[in-house]
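Working notes, beginning with the structure itself.
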Amino acid sequence: MEVIKGIPVAPGVVIGRTFVLDDVVDHVPYHTVAAADRDTERQRLESAIDDVLKDLIHDRDRAAEKLGPEPAKIFEFHLGLLQDSTLIDPVRNRVSDDGVSAAYAVSEGFQSLASQFRNMDSEVFRQKASDVMDLDRRLLGKLVGQSEDRLAKLDEPVLLVAHELTPAQVASLEPSMVLALAMDTGGRTSHNSIVAAALGIPVVVGCKDISSRVNDNELIVIDGKAGIVVIRPDDQTLENYQRSAERMAGITASLQEIAELDSVTKDGVHIELLGNIEFPHEIESVLQNGGEGVGLYRTEFLYLTSPTEPTEEDLYQAYKQSIELLQGRPLIIRTLDLGADKYTQERAAEPERNPFLGLRSIRFCLQNLPIFTRQLKAILRASVHGPVKLMFPLISTALELRQAKMVLQDVMEECQEQGIDFDAEIPIGIMIEVPSAALMASVFAREVSFFSIGTNDLIQYTLAVDRGNERVANLYTGANPAVIQLVKAVIRTGKRFDVKTSLCGEIAGETLYTMLLIGLGLRTLSLVATQIPYVKRVIRSVDIAQCERLARKVGSFDSERKILNTLRQELKSVLPEMDGGWTTD
Ligand code: PEP
Ligand code: MG
């Protein structure tokens, strides 16, 4: 038995068999296949080789047609290598004789050949190393594709283990077949984790090298609340987890009843609970779980999952569908938050050195006006179908906000000229997720009609801790006194200027923070759909005076530990069975 401690992302316990996804081409973990599966693995390797040979012949012929016979010769070297049995047979034998995965055998064989070329005296041969690495990438690309195909065609549910999935890969998972997910990398609020949490399955990230510690079809337990993965559990551990899975299934069933009840405190104050979504279809889950609308629509995910850039019509249809599904309930559409760990880096000719501090979000939009205006026009066109608000992300200066509003104004004028109907009074708001915006909230308050506090980024930028980096995940916490001070200041400014203020970072879905957030004055939270009933249960068990007392007490502490302990004790005293509440801290 082996216990791996990772970072909890979405709660729940699942026991089952693994599926290890070959999901990366630059870091292939070592893993083996069972003796009975070696032939199938060998066939995978053969078909990857065949596919790459076909691609190379196609590329060679195209190059010959366009550029002439000389440049086309480059591909002859590739073709020769791939058909050279002295190179390929050892790779084949690693799979057939030693049972290592096809991806690992390819990576090992080609890396070693590349380093032999690199160590040669002749420059001509040294340059061949990059051709070998190109072949390596081509083969691994095929194997990863096959691995995804196998996953899509499974006939039994699995627990998925991967090194790192992109948000788009996570979004394509089918929760009835993937019952839980564990990844080597990632942080609590990295975007692949956020999409994974929305699937409603237990998720643990930051498990270091778990993808090389397990093989396909091994028994494991994924405990998403504790952030633990147990590999090959012993009988006693298995029995304990079986009991805990049953207990949790009972709690989940009882929470369905809560979803129908009002979100009010014991003293009758309504706390509005809205859902965070990445795709329109998630609205069904928001409503089922008792959400009163959508407080954050992360529209960039449409870009991440489509092979080509969505058109204005695609965007309009997605927004219209969301509005229709909500049937008159509110919808906040956030404009594109592309960049950093989403989309732009994968496609950039020259990736940024520091993308979280780079051309991200509103900055990217202001430098790529056609993409931005296309989206704004689609939002405006949709705004006639229901109560829509428009929100700009990552605003860090007043000038940036003014520029964004000017672009919106231009698009409105264009709509008018073209006779397109839209809501000319559409409320405009901003995310407060950069410390500069939190500190200058009173300036922004004069220019917008609402604020939404984005703690996922606010924590990262206040504490200088990358939200997606598992190595510094211990420093990433919403319970940091500086973060709480900033949140408090924004809420106070919002009240002073009568600017509606809500919070949509992941802590809105962590029950440990619910009382504190209410005590700080928030009356609207936007969170992942599956957590709405849990948060509502806390809301229905507390009164405002009690929450305000807690907020005052926490405000006087200077350490995260003290704050977390106090939040835990307080929640336990209100709801003993919540056992410290759901938190990733
Ligand atoms: C946030 O930063 O808190 C937020 C809600 O936005 P995102 O997670 O999409 O960056
Ligand atoms: Mg953000």
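Just so you know, ligand 1 is whichever comes first in the structure, and atom 1 is the first atom listed for that ligand. Side-chain atoms are counted along with the backbone in the values below, which use heavy atoms only and exclude waters and symmetry mates.
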Under 3.5 Å between any N/O of Asp457 and any N/O of ligand 1: does that happen in this structure?
yes
Should Glu300 be counted as touching ligand 1, given the test is an N or O pair under 3.5 Å?
no
Under 4.0 Å to a heavy atom of [X] - the qualifying atoms of ligand 1, by number:
X      : result
Asp337 : 9 (O), 10 (O)
His191 : 7 (P), 8 (O), 9 (O), 10 (O)
Arg360 : 10 (O)
Gly505 : 3 (O)

Any ion pair linking Arg374 and Glu312 (charged N to carboxylate O, less than 4.0 Å)?
no
Between Glu260 and Lys536, does any NZ, NE, NH1 or NH2 come within less than 4.0 Å of an OD or OE carboxylate oxygen?
no
Working to the nearest 0.5 angstrom, can you tell me the gap between Ile4 CD1 and Asp209 CG?
6.0 Å
Tyr316 and His385 aromatic ring geometry - parallel, tilted or perpendicular at 30°/60° bounds:
tilted
Determine, using heavy atoms of Met431 and all atoms of ligand 1, whether some pair is separated by less than 4.0 Å.
yes
So among Tyr303, Phe392, Phe372, which one has a side-chain contact (heavy atoms from CB on, under 4.5 Å) with Leu336?
Tyr303
Under 2.8 Å: N/O/S of Asp457 next to the Mg ion (ligand 2):
yes
Identify the residue among Glu433, Arg188, His191, Glu506 that makes a side chain to side chain donor-acceptor pair (under 3.5 Å) with Asn456.
Glu506
Heavy atom to atom 10 (O) of ligand 1, shortest distance: which of Glu433, Arg467, Glu506 holds it?
Arg467
Option set Asn456, Leu296, Ile432, Ile453, criterion heavy-atom distance to atom 3 (O) of ligand 1, minimum
Asn456
Counting only heavy atoms closer than 4.0 Å, does ligand 1 sit against the backbone of Ile194, its side chain, both, or neither?
side chain
Find out whether Ile395 and Met431 are in side-chain contact, i.e. whether some heavy atom of one side chain is under 4.5 Å from a heavy atom of the other.
no
The atom of Glu433 among N, O or S that is nearest the Mg ion (ligand 2) is OE1
Give the C-alpha distance, both sets of side-chain angles, the deciding distance and a yes or no for side chain to side chain contact (heavy atoms under 4.5 Å, CB included) between Phe364 and Ile371.
CA-CA 9 Å; Phe364 174 84; Ile371 293 186; 4.1 Å; yes
